[in-house]
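This report refers to the structure that appears directly beneath it.
Below, each value reflects all heavy atoms present in this structure, side chains not excepted, and no hydrogens, waters or symmetry copies.
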Amino acid sequence: MKLRKTTALLVSAAFALTACSSTEDDNDSAATTTAGQTTSAPAGTSAPATTATTQADPGKSAALRWRTRPDNQAEIDVYKQISEQIDGKNDAFTLAYEPGGTEGAGYQDVLKTELAAGTAPDVFWIPGTDVADFAKRDLILDLRSLAGATGHKDEDFYEGPMEQLKTDPATGQPGDKLWGLPRDVSTFALYINRDLIAQANTDDPLELSKAGKWDWAAFEKTARDISKIGGAVKGFGANSWWANYGYFVNSAGGSFFNEDRTQCKLDDPKSIDGLNFMKKLYDDKLAVPFGEDAEPPFKAGTVGMFMNGRWATPGTRSGVKFNWDVVALPAGPAGSKNWLFWGAYVVNKKTKNPEAAWKLVQELTANETQGEISKLGANIPSRKSDEAIKSFLTFTPPTNNQAFVDGITNEPATEGPLWKGDWPLFSSKADSAVQALMTGKTTMPKFQSSICKTETAEAFKG
């Protein structure tokens with residue numbers, strides 16, 4: 001779940017949730033290890049290749065390296081603390097934590113380079129959209145046989161991510177594989193500036209949502225009323241990666257893909273309806289210009305409603321001086337179709353210590369560990385227990401954490417890879433085409449005629 005301009009969620013430097021992921025903030029540092037020591041690298045850079053995964057000396061604990069993609073120094077500090085806690089209570093391994101430091105898909109690209117060179121960590125986080133790519137390239141370990149001897153239960157985690165983690169690349173259908181365990185989940189919400197809403201003398205989205213009147217018409221009116229304040233103020237902002245425009249597509253009744261995810265469906269009339277509604281917000285200048293990072297102006301107090309995932313909460317807590325909260329995404333013709341963002345801890349196929357690596361994955365996804373991460377406000381535990389949700393609701397601000405929980409329970413579309421296609425290629429081509437559409441470089445008829453037949457067709461070949 002760090003994505004951020006991102007590409008999801010959990011799409012980027014080792015974090016979309018995330019959700020999915022998402023995401024948008026630069027990392028404060030990255031780290032590499034040498035002989036078990038951790039050193040900082042400049043923000044926004046990737047950790048250079050380090051020594052290959054090593055086998056522990058006979059009779060000693062396995063030495064494991066692990067990596068995730070934090071959004072900021074606060075997350076780095078928490079992951080480092082968790083690493084030390086897990087290390088201290090286990091004799092099976094010693095740990096060295098490495099914060100990933102490349103934004104966007106570059107994080108995954110760095111991992112692939114290191115995996116090819118034999119220098120990648122034993123355990124690492126990847127966005128949910130990239131599980132198929134790593135599995136089909138034979139870069140990560142199928143953990144099913146290891147899990148069978150440890151009491152692991154797939155049903156302890158949300159079904160959407162687990163279906164993807166169980167999928168057999170040969171069939172593209174859930175089977176008896178286990179490519180990893182979900183670290184966390186996230187959903188979208190609208191982060192709202194309640195001071196601007198009051199200044200615009202418009203209806204409060206929180207009250208509209210409670211009354212069941214928070215739909216696209218009410219949302220557009222709110223964005224328009226806020227924009228009338230003038231100056232730099234805009235009613236709405238969202239960043240330009242796939243999940244943001246995907247919400248409008250899904251909520252209009254459209255979809256990126258056909259049911260078995262083997263063909264593009266962005267040219268479907270309902271998908272086009274969703275994109276038309278979104279485009280009108282930009283054409284009418286109710287939103288931060290498409291392609292610009294909308295988070296800084298939101299934090300500066302000039303954007304009324306900012307669509308983002310749970311990962312934006314820590315930065316909002318520390319970076320704004322106005323009255324803010326979150327509200328559920330408004331309902332389109334097909335309802336409010338949120339995303340379930342997620343990412344997973346997976347194991348390097350070439351690790352010398354698979355049993356110890358699997359144990360680390362279990363420790364990193366344990367209830368206690370997930371609770372510590374959730375306190376930051378960046379994500380929601382991936383274990384679907386009532387206890388986990390109740391605990392999450394106490395991590396305020398925002399006050400209305402229920403908006404994120406509702407996003408999970410109201411049948412969201414699960415962020416997922418293409419097992420019979422190339423997700424990185426599809427998302428890259430779709431992002432570029434939508435960018436051209438939203439900025440007026442192409443027309444809707446041209447977009448509709450080309451997006452599936454030519455723009456993204458290569459993603460489904462082979």
Side-chain angles (χ1 to χ4, degrees), residues 1-4 6 8-23 25-33 38 40-41 43-47 50 64-87 95-111 114-115 120-131 134 140 161 179-186 309-311 314 341-348 351 357 360-366 369-382:
M1 275 182 233
K2 263 117 295 3
L3 316 313
R4 316 207 152 15
T6 318
L9 60 259
L10 310 180
V11 207
S12 155
F15 172 80
L17 102 193
T18 188
C20 200
S21 314
S22 135
T23 270
D25 298 329
D26 290 336
N27 295 309
D28 290 313
S29 69
T32 63
T33 60
T38 302
S40 296
T45 63
S46 62
T50 63
L64 299 180
R65 294 164 44 221
W66 68 285
R67 184 180 300 171
T68 189
R69 190 189 63 199
D71 272 342
N72 49 53
Q73 189 61 46
E75 278 198 60
I76 291 172
D77 293 342
V78 168
Y79 283 121
K80 185 173 183 294
Q81 180 181 356
I82 285 171
S83 187
E84 292 171 351
Q85 290 173 348
I86 293 173
D87 193 354
L95 299 181
Y97 169 59
E98 305 172 5
T102 302
E103 282 296 297
Y107 168 76
Q108 294 91 285
D109 293 339
V110 167
L111 279 169
E114 294 179 351
L115 286 160
D122 299 88
V123 173
F124 49 88
W125 177 92
I126 55 174
T129 49
D130 289 80
V131 169
F134 277 71
I140 54 178
W179 299 112
L181 294 180
R183 181 188 70 179
D184 48 47
V185 297
S186 184
R310 181 65 185 187
W311 54 80
F341 299 105
W342 62 284
Y345 286 118
V346 297
V347 174
N348 183 343
T351 183
L360 174 58
V361 169
Q362 288 185 292
E363 292 281 6
L364 291 171
T365 56
T369 303
Q370 291 192 344
E372 289 298 312
I373 298 296
S374 293
K375 287 180 182 178
L376 280 172
N379 46 46
I380 304 166
S382 61

If you look at every heavy atom in [X] and [Y], which pair is closest and at what distance?
X      : Y      : answer
Val185 : Pro161 : CG1-CG, 4.5 Å
Val131 : Ile126 : CA-CD1, 4.0 Å
Gly100 : Tyr107 : CA-CE1, 4.2 Å
Pro314 : Trp311 : CD-O, 3.3 Å

Exercise. Using only heavy-atom distances, determine whether the side chains of Asp77 and Gln81 contain a donor-acceptor pair under 3.5 Å.
Key: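 No donor-acceptor contact under 3.5 Å links the two side chains.
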
Distance check, rounded to the nearest 0.5 Å: [X] atom [atom1] versus [Y] atom [atom2]?
X      : Y      : atom1 : atom2 : answer
Tyr97  : Ile76  : OH    : CD1   : 6.0 Å
Arg65  : Asn348 : CZ    : CG    : 9.0 Å
Asp130 : Leu111 : CG    : CG    : 9.5 Å
Thr351 : Ile140 : OG1   : CD1   : 13.5 Å
Arg183 : Leu181 : CZ    : CG    : 13.0 Å

Quiz item: Hey, are the side chains of Pro381 and Ile373 touching, using non-hydrogen atoms and a 4.5 Å cut-off?
Solution: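 They are not in side-chain contact.
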
Quiz item: Parallel, tilted or perpendicular: which fits the ring planes of Tyr79 and Trp66, with parallel below 30° and perpendicular above 60°?
Solution: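 The rings of Tyr79 and Trp66 stand perpendicular, inter-plane angle above 60°.
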
Exercise. Specify whether Phe124 and Phe134 have parallel, tilted or perpendicular ring planes, treating 30° as the upper limit for parallel and 60° as the lower limit for perpendicular.
Key: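 Because their plane-to-plane angle lies in the 30° to 60° range, the rings of Phe124 and Phe134 count as tilted.
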
Quiz prompt | Candidate pair Thr365 and Thr369, rule side chain to side chain contact (heavy atoms under 4.5 Å, CB included), full reasoning | solution = CA-CA 6 Å; Thr365 56; Thr369 303; over 6 Å; no

Quiz item: Is Arg67 salt-bridged to Glu114, going by a charged N under 4.0 Å from an acidic O?
Solution: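 Judged by the 4.0 Å cut-off on N to carboxylate O distance, Arg67 and Glu114 do form a salt bridge.
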
Quiz item: Donor-acceptor pair, Asp87 side chain versus Leu95 backbone, under 3.5 Å?
Solution: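 Confirmed, Asp87 side chain pairs with Leu95 backbone.
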
Quiz item: Do Gln370 side-chain atoms and Ser382 backbone N/O form a donor-acceptor pair below 3.5 Å?
Solution: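 It does hold such a pair.
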
